[in-house]
Structures are given as structure tokens and as C-alpha cells.
Amino acid sequence: MRTVAVVGASLAGLSAARSLRKRGYDGRLVVIGDELHRPYDRPPLSKEFLAGTLGEADLSLETDDEDLRAEWLLGARAAGLDRAERAVRLADGREVRADGIVIATGAVARTLPGSEGLAGVHTLRTLDDARALRDELARGGRLVVIGGGFIGAEVASTAYALGLDVTVVEAAPTPLAGPLGARMGDVVSALHVDHGVRLLCGVGVKGLSGERRVDAVLLEDGRSIPGDIVVVGVGARPCVEWLEGSGVELDNGVKCGADGRTSLAGVVAVGDCANWYDPRAGAHRRVEHWTGARERPDAAIATLLAGGAVEPGVPRPPYFWSDQYGVKIQFAGHAAAADSVTIEAGAADDRDVLAVYRRAGVPVAVLGMNQPRLFTRWRKQLAAASS
């Protein structure tokens, strides 16, 4: 291959570029990113950066002496993929022709309909999002977080520590039931109540009130929750619209094999936009976690450089972590695959617990709250059993 284009300049794209050089690729490497920023770490945006304890320089994912010999096209949005010409079309009219293409365009935060142009309403996905929200939180006031997932919970925890009055609204009966299951989702989300943060579950949001600036969140049950700042944390959608009509098969993102290969030869996908096949489950899964964006690109690049002539391995079980109210939460595996959950150490009421999820007696996932050593041991066992 003379030219490889990596479309996406966040962690997954950077990991792919690093893997290319590590595996001996010495041709032209073009990295395309729609943001103006060099690759940065996203997990701290909802925690240390938002709290003001971590600066922008600390977010950099590149080392001072790192040189990938890449052409960086930043502030350049991908607008299409020309299958016949093997070219990535950019929104500004430029084209990048490449023999190999890595799709790493990630995902974008979902917004609340009708909130456009209303001051005080935020999503949190990018550095620019975090800058704007940090400035607002520094002024204090009443915060309403719509969505009790991990991003929403981390923002609530950070805002609570900053002294704001915080309410979390979650449409589902139990926050985090999707990734953690109802039982342990209830245990983790109880951290809000432990710290005096209001948690309203099982009620949807009807809309927002306010003329130029938001002043309340309107619930479907008729209640109105006053708020000077609103954070919408209701998930993200994969950024794949630019691939429509390209021949790349799309299904909840870019549909991939277990090694990142797509329906087009010479094209692989990684990161939040990639819907990889999971041999354990016999189904495709889109994994939106930092660890997957760092680890999986190496398998995809091996496939790309070998022209698809390598046998796909079995990806490690998904792993993610979260820090909320001083508690370190770690999870690996798939809770949905389990038919039982047992507490192996600690106590749920103390928020100091190690829980193992099993299916037919076989471990399929593990959750730790302030149990890093035991969790690490169980995570290794889970990975060994799944390989």
C-alpha cells in the first residue's frame, strides 16, 4: 500500500496510525479529523477537566517525542467515500485517495429536540463541549442532568463536588440497567441518593422551558424541574452518514467482522462507529469504550495490511470504568448475557463490592466498586475463559 487514510483523529484513529507504523508500514499516512484539536483523552472531560483539576495540555494523547510521519488534516470533515476512485471526499471539496482506509469517525452526542439555540443547554462529547460546560458550572446554580448513564452520572458527581444543586432525570425505571443489569444498576445509581443528589426515575422529558435561556425541564408527568444549566446525556449515534451510498454496509454503525474488516476490501473500521462481530455472542456489538478504541485497532490494521488474509481473533471482553462520588467503578464483559449475579466480596450497601455475572454457571461479566485488585484478577480470568 502506498497510501493509507485514517478518517478520524481521536483515540481509535491515533491507535490505528500507531499500529500501522509499529507493524512496519512506511508509506504515506494521512489522518483526517473534523475537530481542530490534536488527539486528546475524552474520559477526563466529564471529571477532572470539568472540575478544573486537569488542564488541556494534560489531555494530549501524543508524547512529546512521538512522530508518526503523518499528514494531519484537522478541521476537515469527511463527506463521502468514492468506492471506484478509492477516495475520501472532504466537505471543503478536497479528496484524499488511498489504497487502504481506516474508518474511525466515532459518534456524536444525541440532542434533545427543541433545545437548539437555548442558552444553558449542553451535551458533553468534545473538548469544546467541556470548555463551555466548565465555564457555566463555575458560576454555580441548579443543574439538571437528563440521562442517568455514565456520562450523566459523572457530570452529576463533578457538579455536586463543585457545590451545585443537582437533579438527575432518567426515563428508565433503573439507571444503568442496560450495561450493568437492573440489580447492580440500582446499586451503582444509588450513589446519587447517598450524596443528596435528586434522582428521578421512570419519567421522560417532555421539553424545556425558557425564552433565550433554559429555566426548567418539563417532565411528561407534569412536573417542572427548575434548572439554570441542563446537560443532555442520552447517548450517542455513530458518525456514518458520510458513508451512505459508498458500498460500506451500515447497521448501527459500520458493520464489521471480528477483526474490523468491512464489506469493502481495503477498508476497516474501529472505535465508536464500528459494529464488530462478537464470536462469543454470535452477534454484532458496537463498543463505545476507551479500551476498545485503544486495543481493537491493532487487529484491524493487521487485517488491512494482510489484505484480509489473516484469521480474526476473539476480541477481549469490553472493559470500562467510571469515577463517581469518590468511588471507582469497573466493569468487564456483557451483563445482558448473564442469568445470575452474585456478590463475591464486599457489600452492596457499602458501595464496596465485587459482583460476578454468570450464565449457566460460567462467568460472563464482572463489576467492581472500589475493588481494583479483585476486579483485575476476575477480569483476567474472564479474558482467559473467553479466548
Side-chain angles (χ1 to χ4, degrees), residues 8 10-13 15-16 42-43 102-110 125 149-151 172 176-182 184-185 234-240 243 248-264 267-304 308 311-322 329-339 341 356-360 362-367 378-379 381-387:
S10 194
L11 175 62
S15 298
R42 294 183 190 272
V102 181
I103 300 170
T105 41
V108 63
R110 298 184 186 277
R125 185 79 185 182
F150 283 104
I151 290 293
L176 302 172
L180 302 182
M184 299 313 297
V234 292
R237 58 174 179 78
C239 298
V240 294
L243 292 167
V248 173
E249 186 176 0
L250 304 178
D251 179 11
N252 185 29
V254 179
K255 193 173 184 179
C256 306
D259 52 5
R261 73 181 74 191
T262 72
S263 56
L264 288 186
V267 180
V268 296
V270 296
D272 291 0
C273 69
N275 191 10
W276 278 39
Y277 180 72
D278 186 340
R280 301 180 203 86
H284 286 78
R285 298 182 187 274
R286 192 163 60 84
V287 176
E288 297 182 72
H289 304 312
W290 188 95
T291 307
R294 183 175 63 84
E295 294 178 348
R296 292 192 174 189
D298 195 52
I301 293 304
T303 295
L304 181 67
E311 282 295 319
V314 178
R316 294 180 65 187
Y319 164 70
F320 60 87
W321 73 93
S322 178
I329 302 160
Q330 297 171 283
F331 186 87
H334 295 289
D339 55 26
V341 183
V356 178
Y357 299 65
R358 292 180 173 86
R359 183 176 183 84
V362 178
V364 294
V366 58
L367 166 71
W378 272 99
R379 184 189 174 200
Q381 292 178 22
L382 194 67
S386 301
S387 61

Does any N or O in the side chain of [X] come within less than 3.5 Å of the main-chain N or O of [Y], such that one atom is a donor and the other an acceptor?
{"X": "T262", "Y": "V248", "result": "no"}
{"X": "N275", "Y": "R286", "result": "yes"}
{"X": "S263", "Y": "E249", "result": "yes"}

Please report the closest heavy-atom contact between [X] and [Y], naming both atoms and the distance.
{"X": "V234", "Y": "R110", "result": "O-CD, 3.6 Å"}
{"X": "A365", "Y": "A335", "result": "CB-N, 4.1 Å"}
{"X": "P297", "Y": "A12", "result": "CG-O, 3.7 Å"}
{"X": "A236", "Y": "A107", "result": "CB-CB, 3.9 Å"}
{"X": "P238", "Y": "N252", "result": "CG-C, 4.1 Å"}

Spacing of [atom1] belonging to [X] relative to [atom2] belonging to [Y], to within rounding of 0.5 Å:
{"X": "T291", "Y": "R379", "atom1": "OG1", "atom2": "CZ", "result": "5.5 Å"}
{"X": "L243", "Y": "C273", "atom1": "CG", "atom2": "SG", "result": "8.0 Å"}
{"X": "R261", "Y": "T303", "atom1": "CZ", "atom2": "OG1", "result": "5.0 Å"}
{"X": "S10", "Y": "W290", "atom1": "OG", "atom2": "CH2", "result": "11.0 Å"}
{"X": "H284", "Y": "D251", "atom1": "NE2", "atom2": "CG", "result": "7.5 Å"}

Close side-chain approach of [X] to [Y], heavy-atom, < 4.5 Å:
{"X": "W276", "Y": "V287", "answer": "no"}
{"X": "M184", "Y": "F331", "answer": "no"}
{"X": "Y357", "Y": "L382", "answer": "no"}

For a side chain to side chain contact (heavy atoms under 4.5 Å, CB included) with C239, tell me which candidate from I103, V254, V108 qualifies.
-> V108
Could you go step by step and tell me if R42 and D272 meet the salt bridge (charged side-chain N to carboxylate O under 4.0 Å, His left out) rule?
-> CA-CA 12 Å; R42 294 183 190 272; D272 291 0; over 6 Å; no
With a cut-off of 3.5 Å and sequence neighbours excluded, list every side-chain donor-acceptor pair involving residues 314-321.
{"residue": "R316", "atom": "NH1", "partner": "E295", "partner atom": "OE2", "Å": "2.9"}
{"residue": "Y319", "atom": "OH", "partner": "Q330", "partner atom": "NE2", "Å": "3.1"}

Report the C-alpha separation of V366 and Q381 in whole Å, then their side-chain angles, then the decisive distance to 0.1 Å, and conclude whether the side-chain contact (heavy atoms from CB on, under 4.5 Å) test is met.
-> CA-CA 10 Å; V366 58; Q381 292 178 22; over 6 Å; no
